[in-house]
Amino acid sequence: MEQNVFDIHRFDEYKEDNRREVKAAEGGLPSNLWDTYSAMANTYGGVIICGVRERNDGSWFTTGMKDISKIKKNFWNQANDQHKVSINLLDEERDLEVYEINDDVILVIYVPVADRSNKPVFINGDMYKGSFKRTNEGDYHCTHDEVQAMLRDQSRQTMDMKVLENLEISVLDKETINGYRAWFNNEHEGNAWTKLSDEEFLERIGAASDDTKDRRMHPTCAGLLMFGPEYKITREYPNYFLDYQAHMVPSVRWTDRLQSQSPDWSGNVFDFFTMVSAKLTRDLEKPFKLKGMVREDETPIHKSVREALVNCIANADFFLSRGIVIDKYPDKIVFRNPGTSIVGKKQMLRGGDSEPRNANIMKMLNLLGFGEHSGNGVPDIFSVWEEAGLSEPVIEEHFGEDGPNKTIVTLPLTTGDLVISEKRPEKTPEKEPDRKAIEIQKRVEQVYALITENPSISRAAISREINISDNQAKLALEVLKDQGIIHREGSDRKGIWVIDKEYSDGTPFDGEK
């Protein structure tokens, strides 16, 4: 426990907050002391100061606590009684201090954050009625869902590693698997895994396992979330929901939306990640150079936005309601995921300790070159934002105040040199332009940009992205193919678009060859 959360020399400056709580303790140990102990241990830790009251203005005064040695003895008796509290997290020499102030005595109890293997910390032998958490408003009873979430997080083997023996490998979406493997093959050219069968490959990446009673291959929870169709996912995760919304015009509720319950795509995590990462970074200024499927020299801003998206997915508790919600505005991007960080907000900001809630999903995205697995992803984002001169990102954790626990990360885009819309200079025509030809050329450029961002994108998805008809998308693709700029490898449903080498080395395409 960090002792600097309380300094006796600053006593007159303090007021109660989510890390400090005062108890009068005039007649001995207060009855609600263990409620606060449970709440602090299950949240951020803190200090309980006995022998102090709060005035109406929030300032503190001592109460004249009597017989401190009897109170201390009673405290340790209760702390070590599992019928009173589920676990004693305190060290007698380190976590209990007696101070003299204003001719009175106060007892300061330093409560550390419980390790996830010990949560929930609860009282009176009742896990569901005796577990508390803490907000700025004080202690509150955990809901049944919050207790269940802490129980799920206890194991070092994360929930997404669980093998779903009731499902067959065949439930996974073949097209999504092909899209993932196309990215993997480009990232790991020549790797032995690229030659494996789908079943063997899925086992290697943690999406499937035969560690089952029947010794047959079944999907893991991570495999189902990443590659399964939405209607199958919701049978295991009834509250599963993914939602991306763009709010680029103030008078319009949203200008673009992608949500997992839509019938025109798989609704799984991997397809959501590929489509949303492209949408989030499309308007950010970037160089036009490719390395395989990924822009080689994107700015650190682009990589940080994707890092935030990876963190949002990797730390989501898909059993909780409301799901993942990502909102894009002209001046900021807001990531919301159900559940709070396993390591806590403070450790997230400090870095160096990576404990994603969905370690298997994190591994799969890491294999494609996305996400930090060192625990430094969040500090790196803050560093990139500072370097760019942007307003500092904001991380908030909400505990049961207006619904399930959730984490909100806001990336401001309000200052610095970041250009939100990317426009290329227009050529001056030598003669009166053909309006239809200009429109076709514009569509061809838009289609080309989409393909560079997502080589596995389908024609139907292209039509949706730039709001054109299927015939218009088909014509634009034919123009690019006829000019030798792109070609298709694989089938219409399962293949990928490949950029001609003349353009993949960084040569910009402006609609003409």
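This is a predicted model, so every value here is computed, not measured.
Looking only at side-chain heavy atoms (C-beta outward), D243 and I326 stay at 4.5 Å or farther from each other. Side-chain contact check for E92 versus D95: every heavy-atom pair is 4.5 Å or farther apart. Inter-residue side-chain proximity for L89 and V121 is flagged as met; some heavy-atom pair is nearer than 4.5 Å. Using a 4.5 Å heavy-atom threshold, the side chains of C50 and I109 count as touching. Inter-residue side-chain proximity for S260 and Y240 is flagged as met; some heavy-atom pair is nearer than 4.5 Å. Between Y244 and L280, some side-chain heavy-atom pair lies under the 4.5 Å cut-off. The shortest side-chain heavy-atom distance between I361 and L225 falls under the 4.5 Å cut-off. A heavy-atom distance below 4.5 Å is not found between the side chains of I333 and T410.
For the pair K72 and F75, the NZ or CZ position fails the cation-pi test of under 6.0 Å to the six-membered ring centre and within 45 degrees of the ring normal. Because its NZ or CZ atom is both nearer than 6.0 Å to the ring centre of F201 and within 45° of the ring axis, R181 counts as a cation-pi partner of that residue.
Side-chain contact check for T340 and N405: no donor-acceptor pair (N or O, by modelled atom type) lies under 3.5 Å. Side-chain atoms of T62 and D104 form a donor-acceptor pair, as typed in the model, at a separation below 3.5 Å. Side-chain contact of Y128 with Q148: a donor-acceptor pair under 3.5 Å is present, judged by distance alone. In summary, the side chains of S456 and N454 do present a donor paired with an acceptor at a separation below 3.5 Å, with no hydrogens or angles considered. Using a 3.5 Å distance cut-off with no hydrogens or angles, the side chains of S266 and D271 do pair a donor with an acceptor. With hydrogens and angles left out, the side-chain atoms of E236 and N166 include a donor and acceptor closer than 3.5 Å. Side chain to side chain, H247 and D327 meet the donor-acceptor criterion of an N or O pair below 3.5 Å. Looking only at atom types and distance, the side chain of N80 has a donor-acceptor partner in the side chain of N88 under 3.5 Å away. Of the N and O atoms on the side chains of E392 and W385, not one donor lies less than 3.5 Å from an acceptor on the other residue. No side-chain N or O of D145 forms a donor-acceptor pair with one of T143 less than 3.5 Å apart. Checked by atom type, the side-chain pair Q259/S262 shows no donor-acceptor distance below 3.5 Å. Judged purely by distance below 3.5 Å, without hydrogens or angles, the side chains of N32 and K23 pair a donor atom with an acceptor atom. Between the side chains of D211 and S209, no donor-acceptor pair of N or O atoms lies under 3.5 Å. Side-chain contact check for H9 and D7: at least one donor-acceptor pair (N or O, by modelled atom type) lies under 3.5 Å.
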Worked check of side-chain contact (heavy atoms from CB on, under 4.5 Å) between F270 and T176: CA-CA 7 Å; F270 179 66; T176 305; 3.7 Å; yes

Pair Y140-F132, ring-ring contact (aromatic ring centres under 6.0 Å, His included): steps then yes or no: CA-CA 5 Å; Y140 72 91; F132 294 79; 8.4 Å; no

Stepwise side-chain hydrogen bond (donor to acceptor under 3.5 Å, both in side chains) check, E200 with S197: CA-CA 5 Å; E200 293 173 311; S197 68; 3.1 Å; yes

Pair D139-T36, side-chain hydrogen bond (donor to acceptor under 3.5 Å, both in side chains): steps then yes or no: CA-CA 6 Å; D139 309 326; T36 302; 2.5 Å; yes

Derivation and outcome, salt bridge (charged side-chain N to carboxylate O under 4.0 Å, His left out), residues K406 and E397: CA-CA 6 Å; K406 60 180 176 285; E397 288 190 310; over 6 Å; no

Test salt bridge (charged side-chain N to carboxylate O under 4.0 Å, His left out) applied to E54 and K15, step by step: CA-CA 8 Å; E54 185 181 36; K15 293 185 178 181; over 6 Å; no

Verdict with reasoning, R152 to D317, per salt bridge (charged side-chain N to carboxylate O under 4.0 Å, His left out): CA-CA 9 Å; R152 286 194 296 272; D317 187 338; 2.7 Å; yes

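Other residues, nucleotides and ligands place no more than 12 heavy atoms under 6.0 Å from the NZ atom of K162.
A donor-acceptor pair under 3.5 Å links the side-chain atoms of R134 to the main chain of D17, judged by distance alone. Judged by distance alone, the side chain of S59 and the main-chain N or O of R55 form no donor-acceptor pair under 3.5 Å. For the pair N239 (side chain) and F319 (backbone), a donor-acceptor distance under 3.5 Å is present. Of the possible polar contacts, none joining the S38 side chain to the W34 backbone as a donor-acceptor pair under 3.5 Å is found. For the pair T220 (side chain) and G223 (backbone), a donor-acceptor distance under 3.5 Å is present. One N or O on the side chain of R215 and one on the backbone of D210 form a donor-acceptor pair closer than 3.5 Å. Side chain of H188 to backbone of W193: no donor-acceptor contact under 3.5 angstrom is found.
Using bins of under 30°, 30° to 60° and over 60° for the plane-to-plane angle, the ring pair F370/F273 lands in the perpendicular bin.
Aromatic ring centroids of W183 and Y180 lie 6.0 Å or more apart.
The side chain to side chain contact (heavy atoms under 4.5 Å, CB included) test with D256 singles out one residue from K328, M248, K279, and that residue is K279.
In summary, E168 and R216 engage in a salt bridge, as defined by a charged side-chain N under 4.0 Å from a carboxylate O.
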